[in-house]
Amino acid sequence: MRSYRKMASGVVLGLAAAGGAQAQKTDPYLWLEDVGGDKALSWVREQNAVALKELQAQPEYPGIHERLKTILNSKERIPYVTKHGDYYYNFWRDAQHTRGIWRRTTLEQYQKAEPQWETVLDIDKLAADENENWVWHGVSCLYPKGEQCLVQLSRGGGDAHVVREFDVARRSFVTGGFNLPEAKSDIGWIDADTIFVSTDFGEGSMTTSGYPRIVKEWKRGTPLSAAATLYEARAEDLGVGAYKDFTPGHSYQFINRQIGFYASELFVREGDRLVKIDKPDDANAYTVRDQLIIDLRSDWSVNGATYKQGSLLAADFKRFMAGERQLEVLFTPTPSSSLDGVSATRSALLLNVLDNVKNRLVELRHADGKWQRRDVDAPAFGTLALQALDPIESDQYFLTVTDFLTPTTMYLAHAGSDERSSLKSLPAYFDARPYTVQQHMAVSKDGTRVPYFVLMNKKARLNGKNPTVMYGYGGFEVSMKPFYSGTTGEAWLKQGGAYVLANIRGGGEFGPRWHQAALKENRQRAFDDFIAVAQDIIKRKITSPRHLGIMGGSNGGLLVGAALTQRPDLFNAVVCQVPLLDMQRYSKLLAGASWMGEYGDPDDPAQWAYISQYSPYQNVFKDKHYPRVLFTTSTRDDRVHPGHARKMVAKMKDQGHDVLYWENTEGGHAGAANNDQQAQMWALTYAFLLEQLK
């Protein structure tokens with residue numbers, strides 16, 4: 001399963017009528033889009049110096065920074081693992097391993113309090129030996145032994161990476177192996193001497209979104225130029241990738257054409273031909289043993305029946321490919337519930353259901369041509385996450401349980417049983433006893449009820465004076481669920497702050513319908529929901545505009561940017577992280593073209609007419625008063641262009657507004673490349689919020 005899974009009215013109308021291109025010519029800050037240009041980087045250094053001088057001088061900063069470094073580098077963190085062959089592999093960073101080590105252990109050892117780990121690859125040593133700024137970007141190992149691996153390494157943390165074949169037994173890279181230069185590549189094993197490869201093959205091989213559009217089969221010992229083309233997507237598609245299901249007796253090769261962010265075509269490879277799987281373009285499909293599983297994003301009428309949006313369906317794969325359309329409904333959403341994920345073990349499907357933003361588990365087994373269902377007796381609070389140890393050979397899975405106040409715990413569970421054993425648990429990074437969690441409902445502008453969580457001290461008075469930060473995302477069908485964070489606890493709650501998590505439309509909390517309610521011309525609904533939550537916590541006297549701050553990153557950066565420009569009276573601080581802000585040019589910057597299914601096409605005058613109403617960069621004005629903003633981004637973010645944040649800061653400063661800017665020179669879209677950089681980023685963030693909201 002793979003997926004490429006955020007002024008006077010006359011001026012606005014004039015921009016809408018002109019379309020995107022004309023206004024771009026008049027943008028005086030375009031030079032800041034030159035990511036590595038001397039002039040732009042000089043500007044960045046000047047802004048960074050101002051922000052660091054102020055925020056690092058805050059009295060709370062040193063203590064928060066040191067405490068966060070301790071938490072993020074703690075050896076008591078849960079070492080999450082992935083099984084390759086007989087071993088369980090983990091990538092680990094701490095104070096001694098800044099860039100990290102890739103290490104392994106056995107399941108028997110992993111169940112001990114202090115497992116014995118064997119280092120397989122030391123990224124700090126590799127970076128020093130090769131004088132490269134390597135950041136670990138993941139690994140793909142050949143099933144079932146897992147001794148041949150394709151290691152992905154990024155320079156500085158961007159999405160683009162090099163691929164280098166690694167021999168685990170010899171602890172060395174393979175000379176003349178499957179190695180690729182830096183690109184946004186997609187690779188997958190077929191057998192020991194053959195891989196799928198999608199990469200930058202040269203002129204015309206990438207989509208307008210910056211991803212590969214050609215997938216090839218590459219044989220060992222041959223040059224990449226000799227790899228055989230299997231499929232070519234269109235230049236305007238998002239991208240293409242391929243993978244193999246290694247299940248004995250049910251092994252297939254698939255090619256996925258990702259048309260847009262929510263539309264795709266799936267092909268099964270049969271010899272020299274590709275056979276398209278008949279599914280709705282906006283549905284996800286994959287095989288689990290002999291079954292085809294289809295996850296619907298919209299209603300689907302087939303064979304005289306209509307299946308509801310958000311449903312999960314199953315069919316016998318071979319009979320389906322032969323034309324039969326006998327579909328079983330495995331899950332149907334309700335007004336309060338949606339499917340949050342599906343995990344397969346050797347003999348079961350585990351459905352992770354989100355019910356009013358709390359998870360519960362359902363187990364399904366296919367026997368004698370029928371699906372049998374049972375509810376799993378899992379903890380009935382907060383957030384549950386599942387990971388099968390080996391979906392082909394084992395019924396064991398890791399169950400991770402967390403909420404705002406309970407340190408995350410990992411269990412070893414077994415499909416078919418409710419018994420589970422505790423494996424790992426985070427320490428209590430902060431004393432949770434003084435705090436309480438409540439869930440409330442706000443009513444949005446159009447009458448929609450929007451849930452949100454409030455985390456605050458039990459003794460806090462409802463007098464409107466509690467420093468409060470509200471976080472939201474509201475895009476790409478991403479759900480905001482309860483989580484345990486030592487960073488939030490130490491840097492914010494312990495300092496007297498309240499934390500609010502808003503479950504606004506555009507997210508996936510209530511399935512595809514909740515997401516699609518805020519797409520394109522309806523994007524304003526996400527902003528209205530966020531504003532409604534702010535108004536509700538003010539109405540409840542949890543806080544007041546003087547003490548309320550908002551925070552969001554990526555698509556959430558767009559969210560808080562829109563809230564900043566539309567309702568500046570509601571907030572006194574904004575933290576805008578790796579944001580989209582110039583929605584007139586977003587589709588021309590890095591991966592932006594891939595998000596037009598979410599936001600629309602700004603070069604289409606009809607679509608720019610509604611995008612222009614909320615695009616923060618086009619809606620910030622000299623004669624308005626705005627809350628203070630801290631913008632953060634990364635020079636190495638090759639997903640959301642740092643030019644968004646740079647240009648917004650330059651424009652607001654020229655208009656006379658008081659804003660701060662910090663750009664990390666590493667980190668990619670995450671904003672930081674290692675634990676120390678994470679500690680600095682969050683210490684700066686919370687020092688800013690404490691300064692503004694207390």
Side-chain angles (χ1 to χ4, degrees), residues 6 309-310 333-340 353-359 382-383 403-404 436-456 462 464 466 468-483 498-545 548-571 574 598-599 610 613-614:
K6 291 112 332 251
Q309 175 190 53
T334 69
S336 65
S337 69
S338 65
L339 188 62
D340 196 34
V353 178
L354 195 60
D355 199 336
N356 201 22
V357 206
K358 301 179 184 69
N359 285 120
T383 300
D403 73 0
F404 290 112
T436 182
V437 179
Q438 298 177 340
Q439 188 180 36
H440 297 298
M441 289 283 180
V443 179
S444 194
K445 188 175 182 179
D446 63 359
T448 300
R449 289 168 57 82
V450 180
Y452 65 94
F453 293 99
V454 179
L455 175 57
M456 63 189 300
L462 298 180
N466 297 296
T468 302
V469 62
M470 184 171 79
Y471 190 89
Y473 188 78
F476 297 93
E477 210 171 322
V478 174
S479 302
M480 295 288 101
K481 297 176 289 185
F483 61 94
Y499 188 91
V500 175
L501 185 65
N503 302 116
I504 63 178
R505 282 175 288 183
E509 287 86 348
F510 300 103
R513 67 175 181 86
W514 196 246
H515 168 237
Q516 293 169 17
L519 283 180
K520 294 186 176 181
E521 68 272 18
N522 294 318
R523 198 67 187 182
Q524 183 60 41
R525 291 175 178 168
F527 312 142
D528 288 343
D529 290 358
F530 197 63
I531 290 167
V533 173
Q535 291 172 321
D536 201 63
I537 59 177
I538 291 169
K539 181 180 178 181
R540 293 176 186 272
K541 295 190 176 181
I542 293 170
T543 192
S544 61
L548 176 58
I550 53 177
M551 178 163 59
S554 193
N555 173 76
L558 170 62
L559 168 70
V560 298
L564 161 75
T565 55
Q566 293 181 16
R567 289 299 306 272
D569 57 304
L570 283 179
F571 318 108
V574 178
E598 184 85 10
Y599 305 119
Y610 59 75
Q613 302 301 310
Y614 70 75

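Basis for what follows: all heavy atoms, side chains included, without hydrogens, waters or symmetry-related copies. In this text the structure is predicted, and so the values were computed from the model without any measurement. One-based numbering along the sequence shown.
- For the atom pair NZ of K358 and CD of Q439, the computed distance is 4.0 Å after rounding to the nearest 0.5 Å.
- The distance from the CG atom of N503 to the NZ atom of K481 is 11.0 Å, given to the nearest 0.5 Å.
- N356 is listed as a side-chain neighbour of F510, based on a closest heavy-atom distance under 4.5 Å.
- Residues V437 and D403 fail the side-chain proximity criterion, which asks for heavy atoms closer than 4.5 Å.
- With hydrogens and angles ignored, the 3.5 Å screen pairs a side-chain donor or acceptor of S479 with a backbone N or O of G508.
- Using a 4.5 Å heavy-atom threshold, the side chains of M441 and V450 count as separate.
- Under the 4.5 Å side-chain criterion, counting only non-hydrogen atoms from C-beta, V353 is not in contact with N359.
- Under the 3.5 Å distance criterion, with hydrogens and angles disregarded, a donor-acceptor pair is assigned to the side chains of Y599 and N555.
- No side-chain heavy atom of L339 sits less than 4.5 Å from a side-chain heavy atom of P333.
- Minimum heavy-atom separation, F530 to A563: CD2-CB, 4.1 Å.
- For the pair M480 and Y471, the tightest heavy-atom approach, listed with the atom from each and the gap, is SD-CE2, 3.9 Å.
- No hydrogens or angles considered: a donor-acceptor pair under 3.5 Å links the side chains of S336 and D355.
- P568 and T565 make their closest contact through CD-O, 3.9 Å (heavy atoms, listed as atom of the first residue, atom of the second, distance).
- Looking at W514, its side chain never comes within 3.5 Å of a backbone N or O of E477 through a donor-acceptor pair.
- No side-chain heavy atom of S444 sits under 4.5 Å from any side-chain heavy atom of R525.
- Annotation: side chain of Y610 is not in contact with side chain of N522 (no heavy-atom distance under 4.5 Å).
- Partner T543 forms a side chain to side chain contact (heavy atoms under 4.5 Å, CB included) with one of V469, L462, I537, V500 and no other, that one being I537.
- Across all non-hydrogen atoms, the minimal contact from F571 to A534 is CE2-CB, 3.8 Å.
- Judged purely by distance below 3.5 Å, without hydrogens or angles, the side chains of T448 and D446 pair a donor atom with an acceptor atom.
- Taking CG of D528 as the start and CD1 of I504 as the end, the distance is 10.0 Å to the nearest 0.5 Å.
- Annotation for L519 and E598: closest pair CD2-OE1, 3.5 Å, computed over non-hydrogen atoms.
- Proximity of a side-chain donor or acceptor of R523 to a complementary backbone N or O of A518 within less than 3.5 Å is detected.
- A distance of 8.5 Å separates CD1 of I550 from CG of L570, quoted to the nearest 0.5 Å.
- Inter-residue side-chain proximity for V454 and R540 is flagged as unmet; no heavy-atom pair is nearer than 4.5 Å.
- The closest donor-acceptor contact from the side chain of T383 to the backbone of F483 lies at 3.5 Å or more, if one exists at all.
- In this structure, a donor-acceptor pair under 3.5 Å is absent between the side chains of K445 and Q524.
- When all heavy atoms of A502 and Y452 are compared, the closest pair comes out as CA-CB, 3.9 Å.
- Legend: residues meeting ring pair (Phe, Tyr, Trp, His ring centres under 6.0 Å) with Y614, ordered by chain and number and at least two apart, are F527.
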